[in-house]
Amino acid sequence: MNIQTPAPQALTFADYKSDLKPVWCPGCGDFSVLSAITKALATLQLPREDVALVSGIGCSSRIPAYTSVYGFHSVHGRALPVATGLKSARPDLTVLVAGGDGDGFSIGGNHFLHACRRNVDLTYIVMDNSVYGMTKGQASPTTEGDWTGSKLTPEGPGVAEFQPLEIALSAGANYIARGFSGKPNELTKLICDAVEHPGFSLIHVLSPCVTFRPEQREYKTMVHDGFGGAAFDEGTPDRREAFRRLMDDDGYSCGVLFKGNTPAFKPQTDAPRTIEEIQGDFIL
Ligand SMILES: Cc1ncc(C[n+]2csc(CCOP(=O)(O)OP(=O)(O)O)c2C)c(N)n1
Ligand code: SF4
Ligand SMILES: [Mg+2]
């Protein structure tokens, strides 16, 4: 009798979803970002037990609950340090990090700078709606200085917007791209590309908050492919050239901006280590 071992079944999109129904407002951009992350996991066929998705706090940071990979819904602004510790202790895992503009650039802004600079192999997906959605519509670091939609800042926040791509490029991130929730197939490609690229990857996603920034529904008429005339997936490996391309960015360019060649940060040893020893790598 010829008994053959059956070929392993490919995992489907549904296998990477959890049973929970997202509690976001109907029309929120984060639904499509969830779909793109789930599709990327299915495209890459990563074993679910080898993937972790870490988030902070905010509407967008609920995302780990809606996938079937390991998830950690951590503390406001602290997703990157949690993910850095996880990846350092378990370099065999694929670690994704997700959250909002408030979480990542306001309370978590300093962690963002140092995550770019340390270049640990993480893929950071920021759902940017230029508002604190969860706490009911206050201005965030990426809110336009003249946005008068919050009673807390009736004349607008009055300060210049935080520029995530320029800051990531200056701080040392090794992969930088922008996507749009309204183009989930393109976003899926960016996520796959970023996961496969070594080092710290930032994917800045324009993801409308239809409740507190309903005008963001118009993003669909404003986004366009490529930075500085390059094609959607034509990122440059040259940081100076990436800066030149960013000078022409109107904030709605989508695609890969930069794909660097810096090797990812490696923990000093592969041997199992205590928390205190891992912390020693990061007192810099
Ligand atoms: C230490 C701490 N400070 C403040 C808050 C309140 N808080 C919860 S979510 C949030 C902002 C979320 O905004 P963002 O990260 O942009 O996510 P969104 O809801 O827009 O997706 C704030 C200020 C908190 N939970 N913890
Ligand atoms: S408040 Fe805004 S960000 Fe939060 S779920 Fe609703 S639409 Fe999405
Ligand atoms: Mg937000």
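Atoms within each ligand, like the ligands themselves, are counted from 1 in listed order.
- Screening residues 23-32 for side-chain hydrogen bond (donor to acceptor under 3.5 Å, both in side chains), with sequence neighbours left out, gives Asp30-Ser207.
- A salt bridge between Asp92 and Arg90 is present, with a side-chain N of the basic residue lying under 4.0 Å from a carboxylate O of the acidic one.
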Stepwise side-chain contact (heavy atoms from CB on, under 4.5 Å) test for Phe200 and Asn174: CA-CA 5 Å; Phe200 184 80; Asn174 206 34; 5.5 Å; no

Test salt bridge (Lys or Arg N to Asp or Glu O under 4.0 Å) on Glu186 and Lys189 and set out the steps. CA-CA 5 Å; Glu186 281 87 341; Lys189 277 189 214 153; 5.9 Å; no

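- In this structure, the side chain to side chain contact (heavy atoms under 4.5 Å, CB included) partners of Phe212, at least two apart in sequence or on a different chain, are Val131, Lys136, Cys209.
- For ligand 2, the protein residues placed under 4.0 Å by at least one non-hydrogen atom are Trp24, Cys25, Cys28, Cys59, Asn129, Gly133, Cys209, Val210, Thr211, Phe212.
- Between the Glu196 side chain and the Asp193 main chain, no donor and acceptor come within less than 3.5 Å of each other.
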Show, in sequence, the C-alpha distance, side-chain angles and deciding distance for Ser150 and Tyr132, and conclude whether the side chain to side chain donor-acceptor pair (under 3.5 Å) test is met. CA-CA 10 Å; Ser150 165; Tyr132 290 179; over 6 Å; no

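- Within 6.0 Å of the CD atom in Glu215, the count of heavy atoms belonging to other residues, nucleotides or ligands exceeds 12.
- For ligand 1, the 4.0 Å heavy-atom shell takes in Ile57, Gly58, Cys59, Ser60, His76, Gly100, Asp101, Gly102, Asp103, Ile107, Asn129, Val131, Tyr132, Gly133, Met134, Thr135, ordered by chain and residue number.
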Stepwise side chain to side chain donor-acceptor pair (under 3.5 Å) test for Asn185 and Thr188: CA-CA 5 Å; Asn185 291 339; Thr188 303; 4.9 Å; no

